[in-house]
There are 2 protein chains.
Amino acid sequence: MARRAPQRTSGPRASSRRDALETQARLLDAAGRLFAAKGFQETSVREICSAAEANVAAVRHHFGSKGGLYRTIVLRSHQGLLEHDPLPRFRDGDDPAAALGRAIEHLLRVTLVRRTGHPYAGQLFAHELRSPTAALDELLEKFLKPLRAEFARIVAALLQDADSPRLRGHCTTFVIGLCVFHELGKEPLKRFGFPPPQRESDVPRLARLVTQFAHAGILSLRQTT
Amino acid sequence: MARRAPQRTSGPRASSRRDALETQARLLDAAGRLFAAKGFQETSVREICSAAEANVAAVRHHFGSKGGLYRTIVLRSHQGLLEHDPLPRFRDGDDPAAALGRAIEHLLRVTLVRRTGHPYAGQLFAHELRSPTAALDELLEKFLKPLRAEFARIVAALLQDADSPRLRGHCTTFVIGLCVFHELGKEPLKRFGFPPPQRESDVPRLARLVTQFAHAGILSLRQTT
DNA sequence: GGCTATGTCAAACGCCCGTTTGACTTATAC
DNA sequence: GTATAAGTCAAACGGGCGTTTGACATAGCC
């Protein structure tokens, strides 16, 4: 059971606190990129550490575990999202149609485009929608719940007298689905020649189409049987 | 390196061709259920064989590999789908609004409800949409492509003079997204208190809402800027 | 009878996974 | 100077995975 002593092959390495922060940063960067591209389950610790030029034990040392690293990334992405792209608030008296347009453009943007401050939030979020894990109810609670509530308020204003919990719920699901499907169904859409926009500048055009479509849909449900 | 001889613990088992078919059937049944519930990657061969009361080697013997078993299941599900729930065809002269309603109800039904003849097709399809693998382009080609083409023809008829490849493509994506999102986003929807219908009898009501919403949305895009 | 093909089984193979170990190096505190 | 804490590293641990092995049992055929 005698453990062979590790043999130093290269020269001595620095190990100050500053190096530690750099290692953490490299791990966060590589892991964020890989988790966003392939999801938690499909990304291995060895893969992350290889990309980050770090030792596998660094994950445990700095983040406790693979899950801890992932949680850190999701949390920071969400934090960056809140800071750089706050959800536009719909206030009483605002034009609900305009608010719908703003909310849809916002959701499409943060879902599809790599934004500074939270470059992977959209893809991480999409992976969580696809297959939520226990560790990530937090994301649903902190991000998706307020987002859905915001859409629901706009939808309620548009439905006017026809508003009811059931109808509002369905409409809200429809609108969010219209936006999120572009990311969720990205792969099949690509294969059929309709790749969702990835550039900032292409979002408004799609947002206008979705908004017009959704707005007309909601209004039509005011006269429902 | 001497391999210990396997010791028979229970009495002799029959091993006729009829038994073989039964074993295959048990494997297909258990694997279909598990693959549909958890996806290919997250389901292990040992798990399948345990549920099917079969030996792990049976998978290789009857289907070549785990992938072969999965391919068989996807293929049979698609076959059953074609036989039991053929896609309603939109013919020239049909009312496009009615055709849209039929197509939407069809897609919601086969996606959400466990149908006899292909009980797992919808969920298997959703798993493939989430994370397609090379082995399953076949499903996209055989099922999703004709489906999308059918929706596209209905959309084109509804758009009338405003029809263009780009607008038709977007509208088609919107409509399919509206239907499929109920399955793709099932988990979050459940957590927010809006579980998608699982019973046959609940589908028409949702289908009517989606159809009205989508119909109004498409018509509104006839006057686009 | 004997022969072959087919099916089943427990056990093992080889690989990859996340995690852990313990020696080593360095920065900081006393 | 010495002790302590922090960081890095190669190597191993323990377990799950899909797959493979080879003995054994049975069915159909000569």
Side-chain angles (χ1 to χ4, degrees), chain A residues 1-28 30-31 34-35 38-73 133 135, chain B residues 1-28 30-31 34-35 38-73 133 135:
Chain A
M1 198 59 70
R3 186 180 297 273
R4 200 181 315 165
Q7 56 214 16
R8 294 229 141 255
T9 53
S10 59
R13 297 283 180 86
S15 71
S16 65
R17 287 195 172 73
R18 187 168 164 281
D19 288 337
L21 286 179
E22 275 179 7
T23 301
Q24 287 185 30
R26 286 202 314 278
L27 280 174
L28 285 171
L34 290 166
F35 282 144
K38 320 200 301 173
F40 177 76
Q41 195 63 246
E42 285 67 31
T43 304
S44 77
V45 170
R46 282 170 174 83
E47 196 178 0
I48 293 167
C49 292
S50 168
E53 299 185 41
N55 190 277
V56 281
V59 168
R60 170 177 154 93
H61 189 261
H62 292 288
F63 302 98
S65 67
K66 180 190 179 188
L69 173 56
Y70 183 65
R71 241 170 284 125
T72 304
I73 285 170
T133 75
Chain B
M1 200 57 71
R3 187 180 297 274
R4 200 181 316 165
Q7 56 215 17
R8 294 230 141 254
T9 54
S10 59
R13 297 283 181 85
S15 70
S16 64
R17 284 194 175 74
R18 188 171 163 281
D19 289 337
L21 286 179
E22 275 179 7
T23 300
Q24 288 185 31
R26 285 201 315 278
L27 280 173
L28 285 171
L34 290 166
F35 282 144
K38 321 200 301 173
F40 176 76
Q41 195 64 245
E42 286 67 31
T43 304
S44 76
V45 170
R46 283 171 174 82
E47 197 178 358
I48 293 167
C49 292
S50 168
E53 298 185 41
N55 190 277
V56 281
V59 168
R60 169 178 156 93
H61 185 73
H62 291 289
F63 302 99
S65 67
K66 181 190 178 187
L69 173 57
Y70 183 65
R71 240 170 284 124
T72 304
I73 285 170
T133 74

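Here is how names work: the chains are called A, B, and so on, in the same order as the sequence lines, proteins then strands, and each is numbered from 1. Both backbone and side-chain heavy atoms feed into the values below; hydrogens, waters and symmetry mates do not.
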Minimum-distance nucleotide to A:His61 side chain [options: D:dG7, C:dA10, C:dT20]:
D:dG7
Quick one: closest heavy-atom pair of A:Leu34 and A:Ala51, and the distance?
CD1-CB, 4.3 Å
In the structure I gave you, are the side-chain heavy atoms of A:Glu42 and B:Gln41 within less than 4.5 Å of one another anywhere?
yes
Would you indicate which nucleotide in C:dT19, D:dT20, C:dC9 comes nearest to any side-chain atom of B:Arg60?
D:dT20
Would you please confirm or rule out a distance under 4.0 Å between OP1 or OP2 of D:dA10 and any side-chain N or O of A:Asn55?
yes
Please tell me which of the listed nucleotides, D:dG7, D:dT21, C:dT8, lies nearest to the side chain of A:His62?
D:dG7
For a quick check of understanding: with a heavy-atom distance under 4.0 Å over all strands, which category does A:Val56 fall into, base, sugar-phosphate or nothing?
base
Residues A:Lys66 and A:Thr43: closest non-hydrogen pair is NZ-O, 2.7 Å
Between atom CZ in B:Phe63 and atom P in D:dT20, what is the gap in whole Å?
16 Å
Give, for atom CD of B:Gln24 and atom CG of B:Leu69, the distance between the pair rounded to the nearest 0.5 Å.
10.0 Å
Rounded distance in Å - CG (A:Leu27) to P (D:dG7):
13 Å
A:Glu53 CD - D:dG7 C1' separation (whole Å):
17 Å
What's the spacing between B:Thr23 OG1 and B:His61 NE2 if we round to 0.5 Å?
9.0 Å
Does anything in residues 38-50 of chain B reach DNA chain C, meaning a heavy atom under 4.0 Å, and if so which residues?
B:Arg46
Whole-Å distance separating the NZ atom of B:Lys66 from the P atom of D:dT20:
14 Å
Expressed as a whole number of angstroms, how long is the span from B:Glu22:CD to D:dA27:P?
13 Å
Tell me: CZ of A:Phe35 to C1' of C:dG18, nearest whole Å?
11 Å
Where the side chain of A:Ser65 is defined as all heavy atoms beyond and including C-beta, which of C:dT19, C:dT8, D:dG7 is the nearest nucleotide?
C:dT19
So A:Phe40 and A:Tyr70, would you call those rings parallel, tilted or perpendicular, with 30° and 60° as cut-offs?
tilted
Side-chain heavy atoms of B:Asn55 within contact of B:Cys49, under 4.5 Å
no
